[in-house]
Engineer: 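What follows is a structure written as structure tokens; I'll ask about it next.
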Amino acid sequence: RRVHGSRCCRKGAMAAKGGDPSQEVIIVLRVVGGTPVQPGALAPKVGPLGLPAKKVGDDIQAATADWKGQRVTVELVVKNRQAKVRVVPSAAALIVRALNEPKDKEKKKGEPSFHTGNVTFEDIKSISRVMRERSMAATFTGTIRETLGTAQSVGCTIDGKTPHQWLEDIRNNKLNFDSEEKESKKAASDEQNHIINVFSYFQTAQY
């Protein structure tokens, strides 16, 4: 069961409390990476599942240490009264991380952040590979276009060009990356077949 938000979380948590604790429940939260999570905010979500809010908060802080200061999505996978924290970063969070900007110490809480740095196109492709499973695009080129759209909203440049210029090159068929995905899938398939063949050889040799 996947649980989003406080209202659905309480409903899912109460159902799990009265049911089988081995049933897996996933709680989705938005947190600021690397900062303490208030136990009072977590208690209504994890308390009915038999989890101590403070320990879960500490686990979230430790798991998001690499995302310090950024808002990221985390999933709590709860089973048998044990919670595993899984970070599910958005494309925007990955782009901001790739920018590696120094933290603005003068920025006040609540003020909007502005990003004017530059990332490489290899960064964009790497981020697109991470986002591919969650992408709605039919092709890898489409996923790259989605990532470029996110970069446009973030406000950064890519190898000195604006995201809009890269998008224009893709629209005009100057760039296409679908072959890269096919080659990657073929390499993964070849490696898997090699492992199967090696296993079959040793299994046959044993008998």
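Residue indices begin at 1 and follow the sequence shown. Here the structure is a predicted model, which is why all the values come from computation and not from measurement.
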Engineer: Is Val56 close to Leu76 at the side-chain level, that is, under 4.5 Å between some pair of heavy atoms?
Structural biologist: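 They are in contact (side-chain heavy atoms under 4.5 Å apart), so the answer is yes.
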
Engineer: I would like to know whether Thr143 and Ser128 meet side chain to side chain donor-acceptor pair (under 3.5 Å); could you show each step before the answer?
Structural biologist: CA-CA 6 Å; Thr143 304; Ser128 299; over 6 Å; no

Engineer: Can you tell me how far apart CZ (Arg86) and CD1 (Ile60) are? Round to the nearest 0.5 Å.
Structural biologist: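 Reported value, rounded in 0.5 Å steps: 13.5 Å.
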
Engineer: From Ile26 CD1 over to Lys79 NZ, what is the distance, rounded to the nearest 0.5 angstrom?
Structural biologist: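 Answer rounded to 0.5 Å: 11.0 Å.
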
Engineer: Hey, are the side chains of Val78 and Val46 touching, using non-hydrogen atoms and a 4.5 Å cut-off?
Structural biologist: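 Side chain of Val78 against side chain of Val46, heavy atoms only: no contact under 4.5 Å found.
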
Engineer: List for me each residue that meets side chain to side chain contact (heavy atoms under 4.5 Å, CB included) alongside Asn172, sequence neighbours excluded, and say none if there are none.
Structural biologist: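 Checked Asn172 against side chain to side chain contact (heavy atoms under 4.5 Å, CB included); matches are Glu168, Lys174.
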
Engineer: What about Val72 and Val88, same hydrophobic cluster or not, with Ile/Leu/Val/Met/Phe/Trp/Tyr joined at side-chain heavy-atom distances under 4.5 Å?
Structural biologist: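 No: no chain of side-chain contacts under 4.5 Å links Val72 to Val88.
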
Engineer: Take a 6.0 Å sphere around NZ of Lys84 and say whether it holds more than 12 heavy atoms from other residues, nucleotides or ligands.
Structural biologist: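 No, the 6.0 Å shell around NZ holds no more than 12 heavy atoms from other groups.
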
Engineer: Under the salt bridge (Lys or Arg N to Asp or Glu O under 4.0 Å) test, which residues partner Asp58, sequence neighbours left out?
Structural biologist: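 Salt bridge (Lys or Arg N to Asp or Glu O under 4.0 Å) check on Asp58 returns Lys54.
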
Engineer: I need the minimum non-hydrogen distance between Ala53 and Pro39, along with the two atoms involved.
Structural biologist: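 That would be CB-O, 3.5 Å.
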
Engineer: State, with a plain yes or no, whether a side-chain heavy atom of Asp159 is found less than 4.5 Å away from one of Trp166.
Structural biologist: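 Asp159 vs Trp166: side chains touch.
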
Engineer: How close do Pro163 and Ile158 get, counting heavy atoms only, and between which atoms?
Structural biologist: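 Closest approach of Pro163 to Ile158: CG-CD1, 3.9 Å.
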
Engineer: With no hydrogens and no angle check, do the side chains of Gln61 and Thr35 hold a donor and an acceptor under 3.5 Å apart?
Structural biologist: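 Looking only at side-chain atoms, Thr35 and Gln61 do not form any donor-acceptor pair under 3.5 Å.
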
Engineer: Give a yes or no answer on whether the side chain of Gln70 reaches the backbone of Ala93 with a donor-acceptor pair at less than 3.5 Å.
Structural biologist: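 Yes, Gln70 side chain to Ala93 backbone: donor-acceptor pair under 3.5 Å.
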
Engineer: CZ of Arg71 to CZ of Arg30: how many Å apart, nearest 0.5 Å?
Structural biologist: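 These two atoms lie 5.5 Å from each other.
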
Engineer: I'd like to check Lys45 versus Leu29 (side-chain heavy atoms, cut-off strictly below 4.5 Å). Are they in contact?
Structural biologist: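 Touching, per the 4.5 Å side-chain cut-off.
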
Engineer: Carefully, step by step, assess Asp123 and Thr120 under the rule side chain to side chain donor-acceptor pair (under 3.5 Å).
Structural biologist: CA-CA 5 Å; Asp123 290 331; Thr120 67; 3.1 Å; yes

Engineer: Got Arg81 and Leu49 here, is their nearest side-chain heavy-atom distance under 4.5 Å?
Structural biologist: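 Not in contact.
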
Engineer: Within the distance-only criterion (no hydrogens, no angle test), does the side chain of Asp178 pair as donor or acceptor with the backbone N or O of Thr141 below 3.5 angstrom?
Structural biologist: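 Looks like yes, one N/O pair under 3.5 Å.
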
Engineer: I want to check something: taking the side chain as every heavy atom from C-beta on, are Leu94 and Trp67 in contact at a cut-off of under 4.5 Å?
Structural biologist: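 Yes - at least one pair of side-chain heavy atoms lies under 4.5 Å apart.
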
Engineer: Identify whether Ile95 and Val130 are in the same connected component of the hydrophobic contact network (ILVMFWY, side-chain heavy atoms under 4.5 Å).
Structural biologist: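 Yes, same cluster.
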
Engineer: Taking it one step at a time, do Thr147 and Lys125 satisfy side-chain contact (heavy atoms from CB on, under 4.5 Å)?
Structural biologist: CA-CA 8 Å; Thr147 307; Lys125 289 201 287 186; over 6 Å; no

Engineer: Go through Leu51 and Gln82 one step at a time and tell me if the side-chain contact (heavy atoms from CB on, under 4.5 Å) criterion holds.
Structural biologist: CA-CA 7 Å; Leu51 298 172; Gln82 298 291 325; 5.7 Å; no

Engineer: How long is the span from the CG atom in Leu175 to the CZ atom in Arg145, to the nearest 0.5 Å?
Structural biologist: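 Interatomic distance, Leu175 CG to Arg145 CZ, rounded to 0.5 Å: 11.5 Å.
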
Engineer: Students often mix this up, so state it plainly: with edges at 30° and 60°, are the rings of Phe140 and Phe177 parallel, tilted or perpendicular?
Structural biologist: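 Because their plane-to-plane angle is over 60°, the rings of Phe140 and Phe177 count as perpendicular.
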
Engineer: Taking Arg132 for its side chain and Ile127 for its backbone only, find out whether a donor-acceptor pair lies under 3.5 Å.
Structural biologist: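 A pair under 3.5 Å: no.
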
Engineer: Evaluate the side-chain proximity of Ile144 to Ile170: yes if any heavy-atom separation is below 4.5 Å, no if none is.
Structural biologist: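 In short, these two side chains touch, coming nearer than 4.5 Å.
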
Engineer: I need the minimum non-hydrogen distance between Val119 and Cys156, along with the two atoms involved.
Structural biologist: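 Nearest pair, atom of Val119 first, then Cys156: CG2-SG, 4.4 Å.
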
Engineer: Step by step, would you call Thr162 with Gln152 a side chain to side chain donor-acceptor pair (under 3.5 Å)?
Structural biologist: CA-CA 7 Å; Thr162 65; Gln152 180 85 22; 5.3 Å; no

Engineer: Please determine whether residues Val32 and Leu99 belong to a single hydrophobic cluster, defined as Ile, Leu, Val, Met, Phe, Trp and Tyr linked transitively by side-chain heavy-atom distances below 4.5 Å.
Structural biologist: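 Val32 and Leu99: separate clusters.
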
Engineer: At their closest point, which heavy atom of Ala43 faces which heavy atom of Pro48, and how far apart are they?
Structural biologist: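 Smallest heavy-atom distance, with atoms named: O-CD, 3.7 Å.
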
